[in-house]
Participant: 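Take a look at this one; I'll ask things after.
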Amino acid sequence: MNRRTPIALALLLALGAGHSAAAKKPEPESADQFVARVNKSFSDIYNELTSASWLAATYINEDSQRIESAANQRSLTMLNGFLEQAKRYRGHYRADTARALQLIRLSTAMPAPQDPAQLKELTEIVSRLGAAYGAGKYCPDAAKPDACLDIGEISDILADTQGKSYEELERAWKGWHTISVPMRKDYQRFVELTNTGAREMGFANTGDQWRSGYDMSPADFQQESDRLWGQVRPLYEQLQCYAKNKLVQKYGSKGEIDGMIPAHLTGNLWQQDWGALWPLLEPYKGVGSLDINGALAAKRKALFDKLVADAGGAEKLSAVQLAELERKADLESAVAMTRMAESFYTGLGMPALPKSFYANSQLVQPRDRDVVCHASAWPMNTSGDVRIKMCIKPNEEEFTTIYHELGHVYYYLAYKDQPYLFQNGAHDGFHEAIGDTIVLSMTPEYLNSIGLVDKPAVSDEAVINAQMRMALAKVAFMPFGLMIDRWRWGVFDGSIAPENYNKAWWSLKAKYQGVAPADARGEEFFDAGAKYHVPGNTPYTRYFLSHILQFQFYKALCDASGHKGPLYQCNFAGNAEAGRRYWAMLGKGASQPWQQTMKELTGKEEMDGSAVLEYFAPLQAWLTKQNEGKQCGWQAPEA
Ligand code: X8Z
Ligand code: ZN
C-alpha cells in the first residue's frame, strides 16, 4: 500500500431543507470550501480504513476480509458522493483547486460503481482476491496438507538456480501458478465492475483512468511510455541475449525457446529480477566479492550463535527453546537490516523513524497465521504514523527492498503537512523511485562502509561485475514493468477478452521480455493472477517509470553532492546537500504537476532514459562484445 486506499462518508450538502421561504437562501459552498471539506473528511476517516486493511493483510481470515470490505464500502461510497458533488465545480479556474478536484477522481485505482449493491460486490471481490494471493500455497501432495509450500518457500527453491535441477525449478514455478486458477472468475467480474465505476466518473474504462494520472492526456502518456521503452530496449536486448546464451551453455537446447528464456530458469517467479542467476552470469569469477547474501546470512547466524551462547549453549536447550532463539535471531536480523537502511536516510539529514514504526511494523513472517508477505509501506494516518509490512529474510533482495520501502515511508513523512489530496507522489512512478534511487547509491564502497563486503577491488573487471549485479535487478526488470499494464490496459478496454487472458499474457511476455513458458499455458490457467499486483489491483507502469526516474534522480543527487567521475561510481551517502534537495522534492508531494517537481530536482521537465544508458555504458559495451557472433533476438508467437 504505497498509495492510500480511497475514502468516503456520504455527507450530503445541507442545502437548506426545511427552512422557510422567508429564510435567506444559504450560500452555496465555494469550490475551495468543498475541497477543504473533502480533505478533512478523507483525513478523518482514513485511519479506520488503513487499520482494516492492515488487519486483512496481516491476519488473513474471513473476519478480517469482512471488516476490510466494509471499510472499503464506506470509503468508496463517500468518494462517490464527493464525485457527484464535484461535478458542479467543473471548469474551475484556480490552478490548485482545479488540481485538487481532478485528484479526487484519481484518488482510487479501483473506481467503484454508484450502485450500492455493485459497489459492495466489488469490495468483497477485492478482499477475496487479496486474501487468496496472500494465503496462496502449492500443495505437491494433496494427502499431506502440512507439506504445502508458501510463496517464500517456493521463491527460495526457484532462486537456488545452482542447487536445483531443471525439473525441480519447473515444478516449483508451475506449483505457484496453481494458486491463481480460482481467481479468474472474480477477476473478470472485477474488471466489469471497475469499468462501470470508471465510466460513471467520465473515463472510457479503468485503464483510461489509470493513464490519466500523469498531467498529460492518457494517449500522450501511452506514447511517452513507448518512447522511454524505446530508449532502453537495446540495452535489455543485449542482457537478454547474454543470459539466454549462458542458459543454453548450462542446459543445452532446453535453455531457450525460439530465442526466449524459459520462464522457470531466471531464479524468479515472474522473471522480473535475475539476481539469482549471478553464479551463472557473473562476468569475472570472484573479482570484487559482492556476496551480500553470504554476508547477511553470516550476520544472522552470528546473532543466533550469540543468543545460544548467552542461554548457556545448545546442549542445554530443548528443541523448542532453540526454535524460539532461531525466531528471535530472525527478528533481530530483520531489525538490524532495517536500521542500516534507516541510517542511509538519517545520514542525508532526514528524521529518525518514529518509535511506533518499529513497534508496529511487521518485519518477519508470523508463524501462526497467513499474511500477505509481499512488501509494502503504509501511512496509517495522514500525520506520520508509518509502518512497513514485510517477511524479511537475510538476503540481498530483501535488503534492497527495505531501502525501497523506506523510500515510501520518507515520502509519507515529508508530505504529511500537505492537504490530504496532495499527500501523494508527484506521480506514482516518483513514489516507487525514491528508495530505488538510494539503492543505486549502494555501491561496493557503500556496502564496504557498512561492513557487508571487503574493500572493493579497483579494476575494469570489478566495474563490469558491479554493473552486472545492478543490471540483473534493474535492466532485467524494465520490460516486465511495462508488460503487466499493457495486459491490463487491454483487459480493461476489452481488446483482450476473458477467453484470451492467458494467451495475451504470454504473448506480451514474449514480446517485451523475450520469456516463454516451457509448456503451453492454456486458458485453464490464469497466470497474471500469480503476480501480487493483479489480484492486489496495484497499477504497475509506475515501476517501469521508476526504473527510468531513479537514474535521473540519482544523477541529480550525485551532481548536488559534488560527485566527479563516472555516474556508476557515485555514492551520495551522508551528503547533506543531496539530502536537502531530496527532502525538498518529497515535501512537495502531489501539490503541483510532476514536471515542475522534476525540474526543481533535475533541471528538466521530462522523463528520460539517457541517465540509464550513461550509467550502464561500460556494461552495454561489454555485453555487445560478448554477444558478437552469437544468436540474439527471439521470435514471439503471434498475438
Ligand atoms: O511491489 C514492489 C514493492 C512494493 S511497492 C516491493 N515492487 C515491484 C514488485 O515487487 O513487483 C518493487 C519493484 C517491483
Ligand atoms: Zn514500492
Side-chain angles (χ1 to χ4, degrees), residues 1-5 53 57 109 130 133-134 151-152 154-155 158-159 176 180 266-276 334 337-338 341 361-363 365 371-379 386-393 395-412 424-440 442 470-485 487-488 509 512-513 515 527-551 553 586:
M1 177 152 182
N2 39 55
R3 167 49 177 145
R4 1 121 276 214
T5 340
S53 297
Y133 185 91
I151 188 165
I154 295 175
S155 299
L158 224 61
W176 178 248
S180 50
T266 64
N268 175 277
L269 277 167
W270 312 279
Q271 312 80 47
Q272 67 182 72
D273 183 325
W274 301 354
M337 288 164 72
T338 308
S361 285
Q362 176 198 292
L363 296 183
Q365 183 170 10
V371 300
V372 179
C373 271
H374 189 88
S376 51
W378 297 57
V386 286
R387 298 179 192 172
I388 60 173
K389 177 184 64 58
M390 292 186 66
C391 299
I392 297 174
K393 293 179 191 169
N395 65 42
E396 177 176 5
E397 197 186 339
E398 300 277 334
F399 190 49
T400 54
T401 299
I402 303 172
Y403 286 69
H404 172 97
E405 296 307 332
L406 289 196
H408 292 305
V409 164
Y410 276 97
Y411 219 158
Y412 302 145
N424 209 341
H427 68 50
D428 55 6
F430 277 62
H431 230 304
E432 297 304 335
I434 305 309
D436 279 20
T437 302
I438 307 278
V439 171
L440 290 176
M442 295 169 77
M470 258 325 167
L472 294 180
K474 304 287 183 192
V475 179
F477 180 82
M478 289 177 180
F480 181 72
L482 209 59
M483 65 76 44
I484 291 212
D485 282 353
W487 183 80
R488 278 190 294 199
K509 284 191 76 74
Y512 287 101
Q513 291 183 275
V515 156
D527 292 327
K531 174 67 194 166
Y532 166 77
H533 302 71
V534 174
N537 194 43
T538 308
Y540 210 85
T541 310
R542 59 182 63 184
Y543 299 106
F544 170 72
L545 301 177
S546 145
H547 278 67
I548 303 287
L549 284 172
Q550 59 192 257
F551 288 87
F553 295 170
L586 300 185

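Order of listing sets the numbers, starting from 1, for every ligand and every atom in it. The chain is numbered in sequence order, starting from 1.
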Participant: Check the orientation of Y133 and Y532. Use parallel for under 30°, tilted for 30 to 60°, and perpendicular for over 60°.
Facilitator: perpendicular

Participant: What atoms of ligand 1 come within less than 4.0 Å of a heavy atom belonging to A375?
Facilitator: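 Going through ligand 1 atom by atom, the ones under 4.0 Å from A375 are 4 (C), 6 (C).
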
Participant: Under 4.0 angstrom from ligand 1, any heavy atom of Y540?
Facilitator: yes

Participant: Between ligand 1 and H374, is the shortest N or O to N or O distance under 3.5 Å?
Facilitator: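 Right, the criterion is met.
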
Participant: Judged by atom type as modelled, is there a donor-acceptor pair below 3.5 Å linking the side chain of W274 to the main-chain atoms of A471?
Facilitator: no

Participant: Quick check: are there more than 12 heavy atoms from other residues, nucleotides or ligands sitting under 6.0 Å from CD of E397?
Facilitator: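 Check fails, neighbour count at 12 or below.
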
Participant: Which atoms of ligand 1 sit under 4.0 Å from any heavy atom of K531?
Facilitator: 9 (C), 10 (O), 11 (O)

Participant: May I ask you to list the atoms of ligand 1 that are less than 4.0 angstrom from any heavy atom of H408?
Facilitator: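 In order of numbering, the contacting atoms are 5 (S).
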
Participant: Kindly give the atom name of the N, O or S atom of E432 closest to the Zn ion (ligand 2).
Facilitator: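 The Zn ion (ligand 2) is closest to the E432 atom OE1, counting only N, O or S.
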
Participant: Would you say the side-chain atoms of H408 pair up with the backbone N or O of S376, donor to acceptor, closer than 3.5 Å?
Facilitator: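 Judged by distance alone, no pair lies under 3.5 Å.
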
Participant: Below 2.8 Å, can you find an N, O or S atom of H431 next to the Zn ion (ligand 2)?
Facilitator: no

Participant: With distance as the sole test, does Q550 use its side chain to make a donor-acceptor pair with the main-chain N or O of I548 at under 3.5 Å?
Facilitator: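 Side chain of Q550 to backbone of I548: no pair is present.
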
Participant: So that I can check it, does any N, O or S atom in E405 come closer than 2.8 Å to the Zn ion (ligand 2)?
Facilitator: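 Within the cut-off used here (under 2.8 Å), E405 places no N, O or S atom near the Zn ion (ligand 2).
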
Participant: Just to verify, what does Q362 make a side-chain contact (heavy atoms from CB on, under 4.5 Å) with, not counting sequence neighbours?
Facilitator: W54, T58, P366, V371, K389, C391

Participant: Within the 4.0 Å heavy-atom shell around E432, which atoms of ligand 1 are there?
Facilitator: 5 (S)

Participant: Any sub-3.5 Å donor-acceptor pair from S361's side-chain atoms to I388's backbone N or O?
Facilitator: yes

Participant: What part of F477, side chain from CB on, backbone N/CA/C/O, both or neither, has a heavy atom under 4.0 Å from ligand 1?
Facilitator: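 The answer is the side chain of F477.
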
Participant: Please report, to 10°, the angle around the Zn ion (ligand 2) from atom NE2 (H404) across to atom NE2 (H408).
Facilitator: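 NE2 of H404 and NE2 of H408 make an angle of 100° at the Zn ion (ligand 2), to the nearest 10°.
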
Participant: So, is Y543 polar-close to ligand 1, with some N/O to N/O distance under 3.5 Å?
Facilitator: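 For ligand 1, there is an N or O atom that lies under 3.5 Å from one belonging to Y543.
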
Participant: Looking only at distances, please establish whether an N/O atom of ligand 1 is found under 3.5 Å from an N/O atom of H404.
Facilitator: no

Participant: Given E405, H431, H547, R542, identify the one with the heavy atom nearest to atom 6 (C) of ligand 1.
Facilitator: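 Closest candidate by heavy-atom distance is E405.
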
Participant: For the backbone of Y543 and the side chain of H547, can you confirm whether one donor and one acceptor N or O come within less than 3.5 Å of each other?
Facilitator: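 A pair under 3.5 Å: yes.
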
Participant: Would you say that T401 contacts M390 through its side chain, given a criterion of any heavy-atom pair below 4.5 Å between the two side chains?
Facilitator: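 They are in contact (side-chain heavy atoms under 4.5 Å apart), so the answer is yes.
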
